[in-house]
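This structure is a prediction, so every number in the text was calculated from the model and none was measured. Residue indices begin at 1 and follow the sequence shown.
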Amino acid sequence: MSTSKPKNSDTNNQSGKRIVYSEFGNVDNSAALQRGIQEIPPNQQNLKIEASRKGRGGKTVTVISGFQGKPETLAALTKQLKAQCGTGGTVKENEIEIQGEHKQKLLEIITKLGYKAKISGG
């Protein structure tokens with residue numbers, strides 16, 4: 001009788017790890033959990049520009065809302081708007097907040113970039 005070595009069941013798995021059972025996912029599935037965001041062209045987006053003071057200690061902030069795109073695009077646009085207004089600002093929950101009241105100036109800049117925008121509020 002000849003003796004043979006038992007076959008290794010891990011030959012198909014290149015990393016050498018064999019997962020038999022995983023309840024909470026020690027495996028990195030972050031790529032599968034990320035949501036796909038569609039990049040809509042600027043001429044198909046309807047933006048609202050409004051001045052707001054709520055929750056800011058009386059300071060006026062111009063808020064641009066209605067964006068549908070990737071966070072990288074939004075961050076680049078925010079940087080450009082802040083530079084042209086000469087003021088600070090931030091991105092919060094797909095909205096751009098620019099410090100100060102710059103409704104008319106932002107409307108002109110955004111329409112030159114190809115976005116559809118309206119001033120809302122008083």
Side-chain angles (χ1 to χ4, degrees):
M1 283 195 161
S2 67
T3 60
S4 64
K5 293 182 180 178
K7 291 187 178 183
N8 189 357
S9 62
D10 290 334
T11 55
N12 294 337
N13 193 350
Q14 299 295 330
S15 65
K17 295 181 182 178
R18 190 173 130 199
I19 298 174
V20 177
Y21 175 78
S22 176
E23 184 173 344
F24 294 109
N26 294 334
V27 179
D28 184 27
N29 288 335
S30 60
L33 297 175
Q34 289 180 353
R35 209 174 197 185
I37 300 174
Q38 293 181 346
E39 190 72 28
I40 298 176
N43 60 358
Q44 295 179 2
Q45 296 189 31
N46 295 319
L47 307 180
K48 290 185 198 175
I49 303 172
E50 63 180 326
S52 174
R53 291 187 188 178
K54 293 182 180 178
R56 295 177 176 89
K59 309 262 181 175
T60 304
V61 174
T62 306
V63 179
I64 307 169
S65 59
F67 285 103
Q68 298 173 354
K70 295 181 180 178
E72 298 85 26
T73 307
L74 196 56
L77 180 61
T78 303
K79 186 174 182 177
Q80 182 179 359
L81 295 176
K82 290 189 316 184
Q84 291 186 356
C85 290
T87 181
T90 187
V91 178
K92 290 185 180 175
E93 301 173 6
N94 284 345
E95 293 182 346
I96 296 177
E97 295 182 359
I98 303 292
Q99 295 174 357
E101 189 166 339
H102 301 282
K103 293 189 292 188
Q104 283 301 126
K105 190 171 189 175
L106 288 172
L107 178 64
E108 293 171 11
I109 295 168
I110 288 177
T111 52
K112 284 181 185 177
L113 293 173
Y115 291 92
K116 295 179 190 175
K118 291 183 181 178
I119 294 178
S120 71

- request: Would you please test Leu113 and Gln80 for side chain to side chain contact (heavy atoms under 4.5 Å, CB included) and show each step?
  value: CA-CA 11 Å; Leu113 293 173; Gln80 182 179 359; 3.7 Å; yes

message: Can you give me the closest heavy-atom contact between Thr62 and Gly100, atom names plus distance?
response: OG1-O, 2.6 Å

query: Residues in side chain to side chain contact (heavy atoms under 4.5 Å, CB included) with Ala117, at least two apart?
result: Leu47, Ile49, Leu107, Ile110

task: Can you sort out the partners of Lys116 under side chain to side chain contact (heavy atoms under 4.5 Å, CB included), two or more places apart, ordered by chain and number?
output: Asn46

Candidate list Thr73, Ile40, Thr78, Leu77, test side-chain contact (heavy atoms from CB on, under 4.5 Å), partner Phe67, passing option: Leu77

- line: CD (Glu108) and CD (Gln84) are apart, to the nearest 0.5 Å, by 10.5 Å

- line: Looking only at heavy atoms, the pair that brings Ser120 and Lys48 closest together is OG-CB, 4.2 Å

Considering all heavy atoms, the nearest Gly88-Lys82 contact: C-CD, 3.7 Å

query: In terms of hydrophobic clustering (I, L, V, M, F, W, Y; side-chain heavy atoms under 4.5 Å; direct or indirect links), are Leu74 and Val61 co-clustered?
result: no

message: Would you compute the distance between atom CG of Asn94 and atom CD1 of Ile64 and round it to the nearest 0.5 angstrom?
response: 13.0 Å

- prompt: Between Lys92 and Glu97, is any pair of side-chain heavy atoms under 4.5 Å apart?
  reply: yes

- prompt: Looking only at atom types and distance, does a side-chain atom of Thr60 sit under 3.5 Å from a main-chain N or O of Glu101, one as donor and one as acceptor?
  reply: no

message: Within a 6.0 Å radius of atom CZ on Arg53, are there more than 12 heavy atoms belonging to other residues, nucleotides or ligands?
response: no

- prompt: Is it true that a side-chain atom of Gln45 and a backbone atom of Gln68 form a donor plus acceptor pair closer than 3.5 Å?
  reply: yes

task: State, yes or no, whether a side-chain contact exists between Cys85 and Leu106 at a heavy-atom distance under 4.5 Å.
output: yes

message: Count I, L, V, M, F, W, Y as connected when their side-chain heavy atoms are under 4.5 Å apart, and connections chain through other members. Are Tyr115 and Ile98 then in the same cluster?
response: yes

